[in-house]
Amino acid sequence: METRQTGWLISAVFVMAILFFGGLIVWSGIPPDESWILWFITPLMLIPLLLFYRLVVKTDQTEIRISFGIGLIRKSWKIADIESVKVVRNNFLHGWGIHHTLSTSIYNISGFDAIEISFKGRKRLVRIGTNEPEKLAGYLKGLLHKSRK
């Protein structure tokens, strides 16, 4: 199973920043020898855009894998290590991106819907953002049920 979450707001912010700084280069009238910082910042804005424009969650019989953007940032967990899965709703304090609190690691790109995974022998929870939390949680619960028979 695979779900995708696109970060439209994050993408829009970085695209607007690229256009803004690119426009400054073209129309500001700043001499080229003084606009080096704009030439540096503009392409630099592409990096977070490429790293965080989407979150892909892939699951199979043995593991759940997540990857952000073009796939340089990724993480995986074994299904056999999962204790339970439930649908949760993040609040605005959880934010977007990758966050680690005292008890929870959060991986999210957009919106507030997520699944929360607890692991055998570990206190730290994992929350993964998704546009289809019920579908993803149901699939994982089915895998857990099969593995416990």
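Everything quoted here is computed from the prediction, not taken from an experiment. FYI, the numbering just counts along the sequence from 1.
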- Task: Determine, step by step, whether Val126 and Thr104 satisfy the side chain to side chain contact (heavy atoms under 4.5 Å, CB included) criterion, reporting the C-alpha distance in whole Å, the side-chain angles of both residues, the deciding distance to 0.1 Å, and the verdict.
- Result: CA-CA 6 Å; Val126 171; Thr104 308; over 6 Å; no
- Quick one: pull up OG in Ser11 and CG in Leu9 and give me the separation to the nearest 0.5 Å. 8.5 Å
- Message: Can you give me the closest heavy-atom contact between Gln5 and Ser110, atom names plus distance?
- Response: NE2-O, 2.6 Å
Distance-only donor-acceptor hits, side chain of residues 67-76, under 3.5 Å, sequence neighbours excluded:
{"from": "Arg74", "atom 1": "NH1", "to": "Gly71", "atom 2": "O", "distance (Å)": "2.6"}

- Item | Nearest non-hydrogen partners of Ala137 and Val87, listed with the distance | CB-CG2, 3.7 Å
- Query: Should Trp77 and Ile128 be marked as a side chain to side chain contact (heavy atoms under 4.5 Å, CB included) after you check the CA-CA gap, both sets of side-chain angles, and the distance that decides it?
  - Reply: CA-CA 12 Å; Trp77 301 270; Ile128 301 171; 3.7 Å; yes
- Message: Working note: Phe52 + Trp8, criterion ring-ring contact (aromatic ring centres under 6.0 Å, His included); need CA distance, chi angles, decisive distance, verdict.
- Response: CA-CA 10 Å; Phe52 291 103; Trp8 295 111; over 10 Å; no
- Item | Inter-residue atom distance Lys120.NZ - Ser84.OG, 0.5 Å rounding | 10.5 Å
- Item | Those residues that, when tested against Thr6, pass side-chain hydrogen bond (donor to acceptor under 3.5 Å, both in side chains) (two or more places apart) | none
- Message: By the salt bridge (charged side-chain N to carboxylate O under 4.0 Å, His left out) test, which pairs, at least two apart or in different chains, include something from residues 10-20?
- Response: none
- Query: Can you name the salt bridge (charged side-chain N to carboxylate O under 4.0 Å, His left out) partners of Lys135, sequence neighbours left out?
  - Reply: Glu132
- Do Asn90 and Arg127 meet the criterion of a side-chain donor-acceptor pair at a distance under 3.5 Å? yes
- Message: With rounding to the nearest 0.5 angstrom, report the CZ to CD1 distance, Arg122 to Ile117.
- Response: 10.0 Å
- CD1 (Ile18) and CG (Leu44) are apart, to the nearest 0.5 Å, by 9.5 Å
- Item | Evaluation steps, side chain to side chain contact (heavy atoms under 4.5 Å, CB included), between Leu49 and Val15 | CA-CA 8 Å; Leu49 175 62; Val15 167; 4.1 Å; yes
- Do Val88 and Phe119 sit in the same hydrophobic cluster, where Ile, Leu, Val, Met, Phe, Trp and Tyr count as joined when their side-chain heavy atoms come under 4.5 Å apart? no
- Task: Determine, using the 4.5 Å side-chain heavy-atom cutoff (strictly less than), whether Val57 and Tyr53 are members of one ILVMFWY cluster.
- Result: yes
- Non-neighbouring partners of Asn131 that pass side-chain hydrogen bond (donor to acceptor under 3.5 Å, both in side chains), sequence neighbours left out: none
- Which pairs pass ring-ring contact (aromatic ring centres under 6.0 Å, His included) with one or both residues in residues 10-31, sequence neighbours excluded? none
- Lys86: partners by salt bridge (charged side-chain N to carboxylate O under 4.0 Å, His left out), with sequence neighbours left out: Glu116
- Pairing residues for Arg124 by the salt bridge (charged side-chain N to carboxylate O under 4.0 Å, His left out) criterion, not counting sequence neighbours: none
- With sequence neighbours excluded, what pairs up with Thr3 under the side-chain hydrogen bond (donor to acceptor under 3.5 Å, both in side chains) test? Thr130
- Honestly curious: do Tyr139 and Leu55 fall in one hydrophobic cluster under the side-chain, below-4.5 Å linking rule? yes
- Item | Spatial distance of atom CG (Leu143) from atom CE (Met1) [nearest 0.5 Å] | 10.0 Å
- Message: With a 4.5 Å cut-off on side-chain heavy-atom distances among I, L, V, M, F, W and Y, is there a chain of contacts connecting Leu140 to Leu125?
- Response: no
- For Glu134, all residues meeting side-chain hydrogen bond (donor to acceptor under 3.5 Å, both in side chains), sequence neighbours excluded: none
- Task: Among residues two or more places apart or on two chains, list those pairs meeting salt bridge (charged side-chain N to carboxylate O under 4.0 Å, His left out) that have a residue in residues 89-113.
- Result: Arg89-Asp113
- Message: Quick check: closest heavy atoms across Ile79 and Leu144, and the distance to 0.1 Å?
- Response: O-CD2, 3.8 Å
- Message: Please say yes or no: joined through hydrophobic side-chain contacts below 4.5 Å, possibly via intermediate residues, are Ile10 and Ile41 part of one cluster?
- Response: yes
- Parallel, tilted or perpendicular, as decided by the 30° and 60° cut-offs, for the rings of His100 and Tyr107: perpendicular
- Task: Could you tell me which residues satisfy salt bridge (charged side-chain N to carboxylate O under 4.0 Å, His left out) with Asp60, sequence neighbours excluded, listed by chain and number?
- Result: Arg65
